Number of protein chains: 2
Amino acid sequence: MTELEEYIKSYFGVKQTDLEHIVSLFKETTLKKDEYFLKTGQSCNKLSFIKSGFLRIYVTQEDKEITQWISTTGYFVTDLSSLIFETPTRWNIQALTDTELYTISKEDYQKIGNLISQWHQLEKLFIARCFTILEDRIFSHLSMTAEERYQFFFNHNKELFNQVPLQYIASMLGMTPETFSRIRKKQLS
Amino acid sequence: MTELEEYIKSYFGVKQTDLEHIVSLFKETTLKKDEYFLKTGQSCNKLSFIKSGFLRIYVTQEDKEITQWISTTGYFVTDLSSLIFETPTRWNIQALTDTELYTISKEDYQKIGNLISQWHQLEKLFIARCFTILEDRIFSHLSMTAEERYQFFFNHNKELFNQVPLQYIASMLGMTPETFSRIRKKQLS
DNA sequence: AAGCGCTCTTGATAAAAATCAAGAAATTAA
DNA sequence: TTAATTTCTTGATTTTTATCAAGAGCGCTT
């Protein structure tokens, strides 16, 4: 679980004994391609760190799917709102490829707070970071055209473009696959 | 400061002595119309609860202004990212009307954590709530047309429509004032 | 290798939204 | 109250994006 340790250490700088304790609560799990991590209506009862693979967060709305995000190696996946407030989730989270995860249950996750004094502080920082990412995303919708959103996302996530179906990236950027394809053609030439 | 007390009590359910302590750290402040709460590039060093009035959060970009949000009575105003990570803010926050606030400095705010054991836990919940709101907003951009966003926002924030310039609401919903005006005309008839 | 399903591309067309420009309407100031 | 300023509306036009439809490319399976 070196990657997970590295992540927690670098982001949260907890001391070694706490770090080991936290990491020990995560178990290795896997998902086969197309299996679900979470389904609409369920309450999210786990948090996972992605060791390898891709997961797509989406909803189905009137016969079409809207992809909210694609998560991959080195990031966490969960439904924060559902995990924290114990509400039913709106999202489906499905594996786009075979996926390896380090997973902690909600119960164990909640226990950490009792064992490590600064945990809520760290959690706060983690959620605040997620908040900041969303804030940037909203701003991109208020201030950029589809083409600009494409360009910006491409510059920051080149790898993704040859590893997952492009239609999902189109959706998460708020455009149709056709528009995505036309913009892409322009950028390539 | 009854409103502020009510808010903290109902959202965070802290015990009475803690509640009084927290509230005592807030000071009454005011802003005249058009004065700034925060300006682009500054580090946000305060958190305020709005007693009365309206504040607009916006940025200037290539000669035009993009409004990110309008905050009003009964809500908090700050730049969370800047407050927590001590980074320079991208936003301007300006009073749209004369405004009364209950304001706590970053220093005092940070002190609460040392004095009230569950504070970070409560902070976490607060930020998670903000996260959820942004998540909904992104989803509205991925799944709704300008007209649908108008309708949805109108249904949930009717009051705002006759209290602040509509161009700002247009901008925060991601459309031009002209488009906003045309949609509005349709909805009125 | 042929057939199937899925993804991506392309073209034609329609719809949505932005832009530009002018003028009302409403607010604020003199 | 009138003038000045700001905000909102309207129309004409352009640009952007979505929709619809068809076909190309590609990997899988058998």
Side-chain angles (χ1 to χ4, degrees), chain A residues 32-35 54 56 58 60-67 70 94-98 138-154 158 160-189, chain B residues 32-35 53-54 56 58 60-67 70 94-99 138-154 158 160-189:
Chain A
K32 292 261 170 241
K33 180 169 165 18
D34 295 335
E35 283 181 351
F54 297 91
R56 177 170 74 108
Y58 72 96
T60 303
Q61 199 178 58
E62 295 146 23
D63 82 344
K64 61 182 171 188
E65 292 178 347
I66 296 162
T67 296
I70 296 165
Q94 190 182 28
L96 289 175
T97 60
D98 290 355
I138 288 178
F139 191 66
S140 81
H141 280 278
L142 296 183
S143 67
M144 296 182 189
T145 62
E147 192 164 336
E148 289 166 333
R149 289 199 302 278
Y150 174 99
Q151 196 58 59
F152 189 85
F153 189 78
F154 180 76
K158 282 198 181 55
L160 209 57
F161 282 66
N162 40 34
Q163 298 190 274
V164 302
L166 298 176
Q167 54 181 313
Y168 300 144
I169 301 178
S171 179
M172 66 178 271
L173 294 177
M175 65 188 84
T176 61
E178 293 94 333
T179 296
F180 185 94
S181 174
R182 292 189 176 100
I183 291 172
R184 184 163 174 255
K185 190 180 174 185
K186 256 203 259 179
Q187 303 293 346
L188 289 176
S189 60
Chain B
K32 293 260 169 242
K33 180 166 166 18
D34 296 334
E35 282 181 352
F54 297 91
R56 177 170 73 107
Y58 73 95
T60 303
Q61 200 178 59
E62 294 147 23
D63 82 346
K64 61 182 170 188
E65 292 178 348
I66 297 162
T67 296
I70 295 164
Q94 189 182 29
L96 289 175
T97 60
D98 290 356
T99 300
I138 288 177
F139 190 66
S140 79
H141 280 277
L142 297 183
S143 67
M144 296 182 189
T145 62
E147 192 163 338
E148 289 165 334
R149 288 199 302 279
Y150 173 99
Q151 196 59 58
F152 189 85
F153 189 77
F154 179 76
K158 283 197 181 56
L160 209 57
F161 282 66
N162 40 33
Q163 299 190 274
V164 302
L166 299 175
Q167 56 181 312
Y168 300 144
I169 300 178
S171 178
M172 67 179 270
L173 293 177
M175 65 188 84
T176 60
E178 293 93 333
T179 296
F180 185 94
S181 174
R182 291 189 177 99
I183 291 171
R184 184 163 175 254
K185 190 181 175 186
K186 258 203 259 182
Q187 303 293 345
L188 290 178
S189 60

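Numbered from 1 within each chain, the chains take letters A, B, ... in sequence-line order. These numbers were taken from a predicted model, which means no experiment stands behind them.
- When the salt bridge (Lys or Arg N to Asp or Glu O under 4.0 Å) test is applied to B/Glu65, the partners found at least two apart in sequence or on another chain are B/Arg56.
- In this structure, B/Lys185 does not reach the D/dT9 phosphate: none of its side-chain N or O atoms is under 4.0 Å from OP1 or OP2.
- Note that CD1 of B/Ile70 is 6.0 Å distant from CG of B/Leu96, once rounded to the nearest 0.5 Å.
- Atom CG of A/Asn162 is separated from atom P of D/dG27 by 13 Å (rounded to the nearest Å).
- The side-chain hydrogen bond (donor to acceptor under 3.5 Å, both in side chains) search around B/Glu147 returns B/Lys186, not counting sequence neighbours.
- Of the residues in residues 145-154 of chain B, those with a non-hydrogen atom less than 4.0 angstrom from any atom of DNA chain C are B/Thr145, B/Ala146.
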Under 3.5 Å, which donor-acceptor pairs link side chains of residues 170-178 of chain B to any protein atom two or more places apart or in another chain?
residue	atom	partner	partner atom	Å
B/Ser171	OG	B/Thr67	N	2.8
B/Thr176	OG1	B/Thr179	N	3.2
B/Thr176	OG1	B/Thr179	OG1	3.1

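- The separation between A/Asp34 atom CG and C/dG5 atom P is 16 Å, rounded to whole Å.
- Each end of the helix from C/dA1-D/dT30 to C/dA30-D/dT1 gets its own axis from five base pairs, and the two axes differ in direction by 40°, given to 10 degrees.
- For A/Arg149, there are no salt bridge (Lys or Arg N to Asp or Glu O under 4.0 Å) partners two or more places apart in sequence or in a different chain.
- For the pair A/Leu166 CG and C/dT9 P, the interatomic distance rounds to 6 Å; values are reported in whole Å.
- With rounding to whole Å, A/Lys186 atom NZ is found 12 Å from D/dT15 atom P.
- Here B/Arg184 pairs with nothing under the salt bridge (Lys or Arg N to Asp or Glu O under 4.0 Å) rule; sequence neighbours left out.
- Atom NE2 in A/His141 sits about 12 Å away from atom P in D/dT17, given to the nearest Å.
- In this structure, the side-chain contact (heavy atoms from CB on, under 4.5 Å) partners of B/Lys32, at least two apart in sequence or on a different chain, are B/Glu35, B/Asp98.
- With sequence neighbours excluded, the residues forming a side-chain hydrogen bond (donor to acceptor under 3.5 Å, both in side chains) with A/Tyr58 are A/Tyr36, listed by chain and number.
- If you take CD1 of A/Ile183 and P of D/dT16, they are 10 Å apart, rounded to a whole angstrom.
- By the side-chain contact (heavy atoms from CB on, under 4.5 Å) test, B/Lys158 pairs with B/Phe154, B/Asn155, sequence neighbours left out.
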Contact state string [nucleotides 18-30 of chain C, B base, S sugar-phosphate only, - no protein heavy atom under 4.0 Å] = SBB----------
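- For B/Glu148, the salt bridge (Lys or Arg N to Asp or Glu O under 4.0 Å) criterion is met by no residue, not counting sequence neighbours.
- Below 30°, between 30° and 60°, or above 60°: for A/Phe153 and A/Phe161 the angle between ring planes is between 30° and 60°, a tilted geometry.
- In this structure, B/Arg184 does not reach the D/dC8 phosphate: none of its side-chain N or O atoms is under 4.0 Å from OP1 or OP2.
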